[in-house]
Amino acid sequence: MRLLLKGGTVVDQSGARTVDVAVHDGTIVEIGERITADGDTTVLDAVDCIVSPGFVDVHAHLRQPGGEAAETILTGSQAAALGGYTAVVAMPNTQPATDNTAIVDRVRTLGAAGPIDVFPSAAITRGRQGQELAPLGALYNGGVRFFTDDGDCVASAVIMRRALEYLGGLKGAVLAQHAEDPTLVAGGHMHEGEWSSRLGIPGRPAAAEHIIIARDIELLREFPGVTLHFQHVSTARSVELIRQAKADGLAVTAEATPHHFTLTDECCAGFDPVFKVNPPLRTDTDREAVRLGLADGTIDVIATDHAPHPTQSKDEPFDAAPRDARP
Amino acid sequence: MSRHLLTIDDLTRGDIEDYLDTAESLSELTSRQIGKVPTLRGRTVATLFFENSTRTRLSFETAAQRLSADVMTFTASSSSVAKGESLRDTALTIQAMGVDALVVRHSSAGAPARIADWVDVSVINGGDGWHQHPTQALGDLFTLRRRFGQIDGLRTVIVGDIAHSRVARSNVAAFTKMGATVTLVAPHTLLPPAVETWPVNVSEDLDAVLPDTDVVYLLRMQLERQNSAFVPSLSEYANRFGLSERRAAMLHDDAVIMHPGPMNRGVEIADVVANMAEPVVTQQVTSGVAVRMAVLHHLLGGTSR
């Protein structure tokens, strides 16, 4: 069986380029420009398509160093490979935080031993504390392109401004925000709404996400240069804000997770902490808006936010169990 | 009916009436037969209190003892919880000692429901976080039924910190299920989110609702609500929402004032008004024992249902 993918955008370790890909019996035999097909080859028009050896996950918690009881870079890579992923961006909320080149190199070395490509991201602020910038230039020179304090929001407007400006001078850098105003979500464990009200579980209001997204878009408008990426977008209003920012020509991208476009806060009704995630599962209206955002390209990419915890950590009440307590 | 009692939402009106009828006959029996009936002889009821509540624990233990059940007491401070044992392991350990029912009190919403998923015995919710306190609600219905003969058509008003109140959640469900109307009176900061999805009316004007009220149910107002900006101050709260002597005088003669206790005299209720309310508030405590007997009786197979 011979297959030829014509004119697609091939994305792999060496970057992105428009080329053809020839496949014989399930094996890629040639990547190049204007490959010609012989008689019994199936030709697929791949123009406007991305051609990649596998899925890319821009949001996974591989937990190493520090969280090896939950996951290691090797086990996370193996799981990703089983799911069809060939490249994963490892989140920097490790212990200690991935906020310096030594830890980045360590993550990269451990990743190289596994079956997929592991790209370390790095924290925006030192120790993910939101107070001072991490050594962004050194990290950039060390190969990092994706910066985030994920797990926590960069809450300070001035720190966010500085990060936007500083990274704006470094070509190809992406500044990613976990958008949740910490003062509004403090003590909350699920989406604030009808279900949190009924269940008596302290809520995390949707406004906490909108406030940060709106603020950061306005900061980017004033201080452009870097690509601003919003992680795990979960509400209808967030999608609308991002859609408008893109229409305004700002360099904004966004991701959505499978749980946010398939599940809703009603899942928490049985108090099972497997449904406890950050940002929380939202309403049906939000879920539909995230789907529409994916369909119309407002949301650029599906990311897993794979975030394992030890099984026994779920033997607790909803509010005491860790977030993202997925198996 | 389920083998557990976790939330009023799980009960039908008929279930509630059964509980109240049973509570009526059991309280009559126990008052005649030197305080005890043999219904649950040989059965063991464990009270698992992960959050302190001497009143509720004593009420359950009294109810169990009046039905001749054995009682095992577990409090978090003196236990394995302090040693880091998980909720699941704690519940399974107590179950393994041979108990027939677990009465669970916990500061986390849903903790009794989680335990019910893990154990094979009956679980009774003795109050979980802001979620539910079903036996409090049943006791309050019992008090009201004794007072008014029936609940249907009663105009009730619940005043205060609804958002953080398990009593409000279970009582709204219980009162409306039995045909009463409920009006919530509170500053908007202390109303629950999405209150428009609750089967209630909402008001900020206590003076306006009191004349057409049969039952005023006051909730305990906590100092920490002032510290986290839910109200500017307890004194402003008392001025706007406290049941003062002037406001109490607006109630009609048959209206009753209820409170789940413990009362903050001078905050949600004026001292003089608290004295007026005392007979009913005391009755609420007595009713609590009666309905807890009924719950234990039903769930531990006192009757075949």
Side-chain angles (χ1 to χ4, degrees), chain A residues 69 181-210 235-236 264-276 280-286 309-323 325 327, chain B residues 6-10 50-51 76 81 84-93 104-118 123 125 127-134 161-170 172-173 184 191-200 224 228-229:
Chain A
D181 180 294
T183 63
L184 277 175
V185 299
H189 301 286
M190 66 176 289
H191 173 66
E192 182 177 298
E194 179 180 354
W195 280 98
S196 73
S197 187
R198 197 181 296 190
L199 299 171
I201 294 176
R204 301 170 82 87
E209 184 169 316
H210 311 154
T235 76
T264 66
D265 56 347
E266 189 177 348
C267 293
C268 303
F271 298 100
D272 185 343
V274 79
F275 297 108
K276 181 174 167 181
L281 300 176
R282 305 287 189 183
T283 67
D284 197 47
T285 308
D286 296 310
H309 290 274
T311 310
Q312 70 269 18
S313 62
K314 280 163 271 181
D315 293 345
E316 299 292 349
F318 193 89
D319 60 8
R323 301 176 206 297
Chain B
L6 301 173
T7 162
I8 293 289
D9 293 335
D10 290 344
F50 297 92
E51 176 187 74
V81 173
E85 189 176 52
S86 72
L87 183 68
R88 185 168 181 272
D89 287 344
T90 302
L92 291 177
T93 300
V104 179
R105 168 74 153 235
H106 204 292
S107 59
S108 297
R114 298 235 75 205
I115 289 176
D117 286 340
W118 297 323
V123 175
N125 184 353
D128 61 329
W130 308 342
H131 178 224
Q132 283 268 323
H133 196 356
D161 188 0
I162 319 285
H164 306 101
S165 174
R166 53 180 159 238
V167 174
R169 279 183 179 78
S170 38
V172 165
L184 304 180
L191 287 174
V195 69
E196 69 281 359
T197 62
W198 287 34
V200 297
E224 67 188 78
S228 39

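Protein chains get the first letters and strands the later ones, always in sequence-line order, with residue 1 at the start of each.
- Taking all atoms of both residues into account, the shortest heavy-atom contact from B:Ala109 to A:Leu199 is CB-O, 3.5 Å.
- In terms of heavy atoms, A:Arg198 sits closest to B:Arg169 at O-CD, 3.8 Å.
- Note: A:Asp315 CG to B:Asp89 CG = 6.5 Å, rounded to the nearest 0.5 Å.
- Proximity to chain A is limited to the side chain of B:His106, based on heavy atoms less than 4.5 angstrom apart.
- B:Arg114 contributes a side-chain N or O that, together with a main-chain N or O of A:Glu316, makes up a donor-acceptor pair within less than 3.5 Å.
- For A:Pro205, no part sits under 4.5 Å from any heavy atom of chain B, backbone or side chain.
- Looking at A:Pro317 and B:Phe50, their side chains never come closer than 4.5 Å, going by heavy atoms from C-beta outward.
- Top candidate by heavy-atom pairs under 4.5 Å with chain A, chosen from B:Ala194, B:Ala91, B:Pro192, B:Ser108, is B:Ser108.
- Residues A:Phe271 and B:His131 form a side-chain contact, since some pair of their non-hydrogen atoms from C-beta on lies under 4.5 Å apart.
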